[in-house]
Amino acid sequence: MIDFVDTFCPECDTNVRAILREQPAALRVRGEEVDFTETVAICPNCGAEIGDSRIEGENLDRASAAYRARHGIPSPEEIRRLRDFYGLSLREFSRFLGFGEQTVYRYEHGDIPDLAHSLILEQAQTSEGAQRLLAKNRERLSKRSIESIELALSTPTKELAWMRPLPSRLEGQAEDAPSTKNGYRAFDPDRAMALTYLLAQRCKDLFWTKSQKALFFADMFACACRGRSLTGLRYAHATYGPVANGREGLRYLLAEDGIVEFRERNWGEVLVPGKQLANDPFSEAEHALIDGIADFVNSFDTAREISDFSHELVCWQDTMDGQVIDYAEAAEEVARAMEARMPELGSLVTR
Ligand SMILES: [Zn+2]
């Protein structure tokens, strides 16, 4: 798809519909060279690059996001969500963290937190860290704020998806009984991690969003042809295709245990296999199936193609954003669509 922007070309001295192009770029952020993908507007008449404040603002945001990702610094949006989680005003959240008055305001509006503040923000993302911050800065906080923080920390349902969950609390999935929602298997973190590792090893350019689709196809196909999902993950409808419920928790486990490394590339993150799990949870037949799924994922040339494929599925079309895609309704359809695209997959079916 080609994107355009209506702007003014100073070379041609006229209004033009400029073509937007993406290209690799480097910029210094805080004295450090950061690689990112920039958008440039090209004049369709003379081919000149047109400076446009809207595009430049976006490019600066991207460069700073790349810098943040490199150093694990939370984004303005993440900081806002963290504050929402604790139900605090800007000033009270600053006090809770031990920052100067209104510092959080600057961070929520794009200023990049320094390293010391980043570490404190990271602390505030775990319940243990938050308890320590509360103990340390309690005197500076109003009674109401203290209650609000304590309430947030004691109410598991208030847990945000992106908050770093403990392994046992992967969005409560570990407690799930086998059902049509998890493909007749209680969620198994070891299997989810081992499957992600194998897919990262075998699929080319496994970006994070693509990995979600790969897991979805693997679990649905396994459910259709072996009667159970491989991991017990639940999947939900998202704008760009199916995603695993609890993916942020899974991501945390993968990174924490070094199973998969998340490497920034072209304005996205590629999964690179790290160290293998000590125990292989999969049978030989399951390994054959996972190899077949990897071939299937590799049969798509671009992330766009695999997205388009998932958007053709009735189980995706008939669900709304955030709605769980039920294995009982989806698995057969998904497996049939996969076999239609790749008949070799049929040999893995033991129906
Ligand atoms: Zn021009």
Side-chain angles (χ1 to χ4, degrees), residues 3 5 20-42 49-86 88-126 128-130 132-133 136-137 140 160-164 205 207-209 248 251-252 254-256 258 260-272 274:
D3 280 320
V5 64
L20 293 178
R21 204 174 63 196
E22 309 262 285
Q23 60 185 38
L27 207 70
R28 288 190 93 73
V29 179
R30 293 237 163 125
E32 209 177 283
E33 187 111 314
V34 176
D35 294 319
F36 69 108
T37 304
E38 70 172 2
T39 301
V40 289
I42 306 293
E49 251 183 49
I50 302 171
D52 186 297
S53 60
R54 291 165 292 180
I55 298 168
E56 258 123 59
E58 165 76 22
N59 286 336
L60 284 177
D61 286 349
R62 286 190 192 178
S64 102
Y67 176 87
R68 285 171 195 273
R70 179 189 289 176
H71 295 286
I73 299 171
S75 70
E77 170 65 15
E78 285 169 337
I79 295 169
R80 252 191 312 273
R81 280 156 70 185
L82 188 60
R83 181 161 71 80
D84 281 351
F85 174 73
Y86 290 113
L88 298 176
S89 68
L90 285 162
R91 177 169 300 190
E92 287 290 286
F93 192 45
S94 286
R95 288 176 174 169
F96 170 49
L97 299 169
F99 296 176
E101 303 262 314
Q102 301 297 329
T103 303
V104 171
Y105 176 86
R106 292 193 289 108
Y107 292 161
E108 286 188 4
H109 288 78
D111 270 14
I112 300 174
D114 61 33
L115 193 61
H117 281 179
S118 287
L119 290 173
I120 292 171
L121 284 162
E122 197 173 309
Q123 237 189 344
Q125 290 170 29
T126 67
E128 301 78 23
R132 280 200 297 275
L133 288 171
K136 192 172 150 209
N137 300 318
R140 308 171 65 189
L160 289 175
W162 75 276
M163 295 265 300
R164 298 173 180 186
D205 301 333
F207 281 88
W208 177 240
T209 47
E248 295 305 329
R251 186 199 153 96
Y252 174 69
L254 290 165
E256 186 79 350
V260 163
E261 193 193 319
F262 295 85
R263 210 171 280 171
E264 179 120 358
R265 194 205 297 168
N266 299 337
W267 198 235
E269 281 178 320
V270 171
L271 278 64
V272 178

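Considering only residues two or more places apart in sequence or on other chains, Gln23 meets the side chain to side chain contact (heavy atoms under 4.5 Å, CB included) condition with Arg21, Glu38, Val40, Glu49. When the side chain to side chain donor-acceptor pair (under 3.5 Å) test is applied to Arg91, the partners found at least two apart in sequence or on another chain are Glu101. Here Ser94 pairs with Phe99, Thr103, Val104 under the side chain to side chain contact (heavy atoms under 4.5 Å, CB included) rule; sequence neighbours left out. A search for ring-ring contact (aromatic ring centres under 6.0 Å, His included) contacts involving Phe96 returns Tyr86, not counting sequence neighbours. Every residue meeting the side chain to side chain contact (heavy atoms under 4.5 Å, CB included) condition with Arg263, not counting sequence neighbours, appears here in chain and number order: Glu261, Val272. Leu60 meets the side chain to side chain contact (heavy atoms under 4.5 Å, CB included) test with Leu27; sequence neighbours excluded. Remark: Glu32 pairs with Arg70, His71 by the side chain to side chain donor-acceptor pair (under 3.5 Å) rule, at least two apart or across chains. In terms of the salt bridge (charged side-chain N to carboxylate O under 4.0 Å, His left out) criterion, residue partners of Arg106 (sequence neighbours excluded) are, by chain and number, Asp111. Scanning for salt bridge (charged side-chain N to carboxylate O under 4.0 Å, His left out) contacts around Glu92 gives Arg95, with sequence neighbours left out. For Arg54, the salt bridge (charged side-chain N to carboxylate O under 4.0 Å, His left out) partners are Asp52, not counting sequence neighbours. Applying the side chain to side chain donor-acceptor pair (under 3.5 Å) rule to Asp205 yields the partners Arg265; only residues at least two apart in sequence or on another chain are considered.
Atoms OG and CD1, from Ser118 and Ile79 in turn, are 7.5 Å apart once rounded to the nearest 0.5 Å. Interatomic distance, Ile112 CD1 to Arg30 CZ, rounded to the nearest 0.5 Å: 5.0 Å. Atom CZ of Arg80 and atom CZ of Phe93 lie 12.0 Å apart (nearest 0.5 Å). The distance from atom CD of Glu108 to atom CZ of Arg81, rounded to the nearest 0.5 Å, is 12.5 Å. Here CH2 of Trp208 is found 6.0 Å from CZ of Arg251. Values are rounded to the nearest 0.5 Å.
Smallest separation of non-hydrogen atoms from Ile55 and Val5: CD1-CG1, 4.1 Å. Of all heavy-atom pairs between Ala66 and Phe36, the closest is CB-CB, 4.2 Å. Minimum heavy-atom separation, Leu97 to Ile120: O-CG2, 3.5 Å. Taking all atoms of both residues into account, the shortest heavy-atom contact from Phe262 to Ala255 is CE1-CB, 4.0 Å. The two residues Ile73 and Pro113 make their nearest non-hydrogen contact at CG2-CD, 3.6 Å.
Ionic pairing of Arg68 and Glu78 is not present here: no N-O contact between side-chain nitrogen and carboxylate oxygen is shorter than 4.0 angstrom.
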